[in-house]
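This report refers to the structure that appears directly beneath it.
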Protein chains: 2
Amino acid sequence: MRSPELAARKRTKEPGRRAGQLSRLEIQRAALRIVDVAGLAELTVRRLAQSLHVTPMAIYRYFPNKAALEATLVDLVVSDSAVTAHDTPELRLWLLHTFARMRHALCRHPGIMPLLGTASHSSGNALAIVEQVLGRMRSHGIGSEDATRLFYRATAFTLGSVVMMDSASLAHFVKPRPVQDELRRQQRHGFAALPKTEFPQVVAASAALADCYSGKRFEQELLGVIDDTLQAAPHS
Amino acid sequence: MRSPELAARKRTKEPGRRAGQLSRLEIQRAALRIVDVAGLAELTVRRLAQSLHVTPMAIYRYFPNKAALEATLVDLVVSDSAVTAHDTPELRLWLLHTFARMRHALCRHPGIMPLLGTASHSSGNALAIVEQVLGRMRSHGIGSEDATRLFYRATAFTLGSVVMMDSASLAHFVKPRPVQDELRRQQRHGFAALPKTEFPQVVAASAALADCYSGKRFEQELLGVIDDTLQAAPHS
DNA sequence: AGTATGTGTATACGTTGTATACTACCGTGC
DNA sequence: GCACGGTAGTATACAACGTATACACATACT
C-alpha cells in the first residue's frame, strides 16, 4: 500500500545523498518539533514517521530504538545554544552569556526536561561547551582547580534553575506550558493562594519566590555566583 | 479467574480500614521499589499490580491514571529526606545538612530523575521543606530578600548537581546505574579517554571533573555557595 | 435482613514499540 | 545499456501497554 500522502514525500536533491532521503538530523528535528508542540508523551514513532511522510519502521534505519532517538534530543537543543560565537572580552560577562544562552535554549524546549534526568544523553555538543568554558577560564589565568569549581557551580546552578521552573510548578497539568512572565504570574498566585497558617513564609515571600522564574533574576543570581566564586580565585 | 496468587494477598488488619486493602501510599511505595530496581521505563501498571498481588485495574481506584501516580513519586522521595528533624544550631551547617539530605535522597532513587522535569509533581512535602528553610533563615535574622536569594541559589545548585550526575554521564546505557564512587571512577576514565586533541581541557581536568560526582565535593561547594551568599547578607 | 457503598475483578479495545520479511531503487561493474 | 548487490523504505504482525466498561463481592448502615 503506497498511499498518496506517503508518495508525496519531498524529493529535494542533496549532494552526496539520494533524493528525498531521511537523515538522523532530519528525524531529530521532527521529533523535537513534536515534543515542542505536544509534549514528550506525544512523541511516538508512528506520529514521528507520519510527520516525515514515512512508514514507522523507516525510523529504525537511523536509530536502534526510540530511547536512542530521545537521548540525542538534549544534545540537539544544547547545540542550538552554542551556534553563535559571541566574543565578550570580559570573562564574567562571557560566562554569564554562555550559561544564559544555555538556559534560554532549554527553556524554549520544556518538553525535553525529563530527558535531562536520563543517563547518557551527552555527546559532542555538550562536551564541546565544557571544553570551551574551561579553556576560556584557563586562558584568563584561572587555575585548573578554580576553573573546575566555577564550572561546577555555574553549571549546577543553571541546570537546577531550569529544573526548578518545571518541578516547582504548583499549577495543575497545563498542556502547552506557559512561558516566561506568564509562568511567573501564575506561580505568584499559586504561592500566594496557599494556606497562610500552614505556609506563612512561602506566602509572605510569594512574589520573591515567583521572581526566581524570571530570566533577569536568573542572570542576576548567576552573576552573583560567578563573582563570588571568582573573588576567591586569583586571575587576570 | 481468581488465581491462587491473587488470593494470597496479605490480610493484615488495619484499624479503620478493611483487611488487606490497598492504599495510595502502599501503591506509591511499590512503584518506587520497581523504579529503583528496574528503572522508570519498567514501571508499568501491570507489573505494579502484580507486585501488589492485585489486578491492574485496582490501581485506578487510587490514581486516575499512571501519570498521576508518577507525579507523586518525587514528593515521596523528598519526604524521605525530611523525616529526621535534625537541630544543628548553626544556620550554615543546618542548611548544609538539609540540602545534603535532599541530594542524598534523590541520589538513592536515580530512576525518578526524569520526573523532576515533569511539571506539577510538587505537593505538601516539597513545600513544607521550603517553608521550613525560609523560616529557619528568617529566624536567624536574615531578611526576606536575602533569604529568597539563598534559597534560590542553594536549591538550584542542589538540583543541578543531581541532574549533572545523570546527564553528564558519558558512559553507555548501563541499566542498574552505578552509585557514588563507582560512578566517579567510571566518569574519570570516561573523561580521560576522550581525544586529547579535541578536548584538551576536559582531559586535563578529568579527575577534578569526575570529583564533582562525589558527595563530599558537593557539600564542600554547597557550603561555599552558602557562605558566599551569606557574606553579603547581614544576619545574626 | 436488606440495601447502598466502595473495593477489587474480568474482559475488551485501541495504541504503542519493534521483529521479520519483503520490495524497489540507486550506483557500480561490465 | 544492463544485470546486480546493497541500501532505504514498506508491509505485516505481535506482544505488551494504558485504561474504559461492566461486573461481583464484602463491608457498613438501616
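Proteins come first, then strands; the chains are lettered A, B, ... in the order of their sequence lines, and each starts at number 1.
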So which protein N/O to nucleotides 16-18 of chain D N/O distances come out below 3.5 Å?
from   : atom 1 : to    : atom 2 : distance (Å)
D:dG18 : OP1    : B:V45 : N      : 3.4
D:dG18 : OP1    : B:K66 : NZ     : 3.1
D:dG18 : OP2    : B:V45 : N      : 2.9
D:dG18 : N7     : B:R46 : NH1    : 2.5
D:dG18 : O6     : B:R46 : NH1    : 3.4
D:dG18 : O6     : B:R46 : NH2    : 3.2

- request: Taking side-chain hydrogen bond (donor to acceptor under 3.5 Å, both in side chains) as the test, write out the residues that go with B:T158, two or more places apart.
  value: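 Per chain and number, B:T158 pairs via side-chain hydrogen bond (donor to acceptor under 3.5 Å, both in side chains) with no residue.
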Integer-rounded Å distance: [N] [atom2] and [X] [atom1]:
X     : N      : atom1 : atom2 : value
A:E70 : C:dG17 : CD    : C1'   : 11 Å
A:L40 : C:dT16 : CG    : P     : 14 Å
A:I59 : C:dA19 : CD1   : C1'   : 16 Å
A:L48 : C:dG17 : CG    : C1'   : 13 Å
A:R61 : C:dC22 : CZ    : P     : 14 Å
B:L22 : D:dA26 : CG    : P     : 17 Å
B:L52 : C:dT7  : CG    : P     : 16 Å
A:M57 : D:dC14 : CE    : P     : 15 Å

Test ring pair (Phe, Tyr, Trp, His ring centres under 6.0 Å) applied to A:F99 - qualifying residues, sequence neighbours left out: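 So A:F99 forms no ring pair (Phe, Tyr, Trp, His ring centres under 6.0 Å) with any residue.
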field: Sugar-phosphate only, base, or nothing, as touched by A:Y62 at under 4.0 Å among non-hydrogen atoms
entry: sugar-phosphate
What side-chain donor-acceptor pairs closer than 3.5 Å can you find for residues 190-205 of chain B, not counting sequence neighbours?
none

Partner residues of B:R33 under the salt bridge (charged side-chain N to carboxylate O under 4.0 Å, His left out) criterion, sequence neighbours left out: none
- prompt: Which residues pass the salt bridge (charged side-chain N to carboxylate O under 4.0 Å, His left out) test with B:R108, sequence neighbours left out?
  reply: none
task: Let me see the working for B:S161 and A:Y152 under side-chain hydrogen bond (donor to acceptor under 3.5 Å, both in side chains), right down to the final yes or no.
output: CA-CA 8 Å; B:S161 165; A:Y152 185 20; 3.1 Å; yes
statement: Quick note, A:P56 side chain, CB onward, closest among D:dT19, C:dT18, D:dG9 is C:dT18
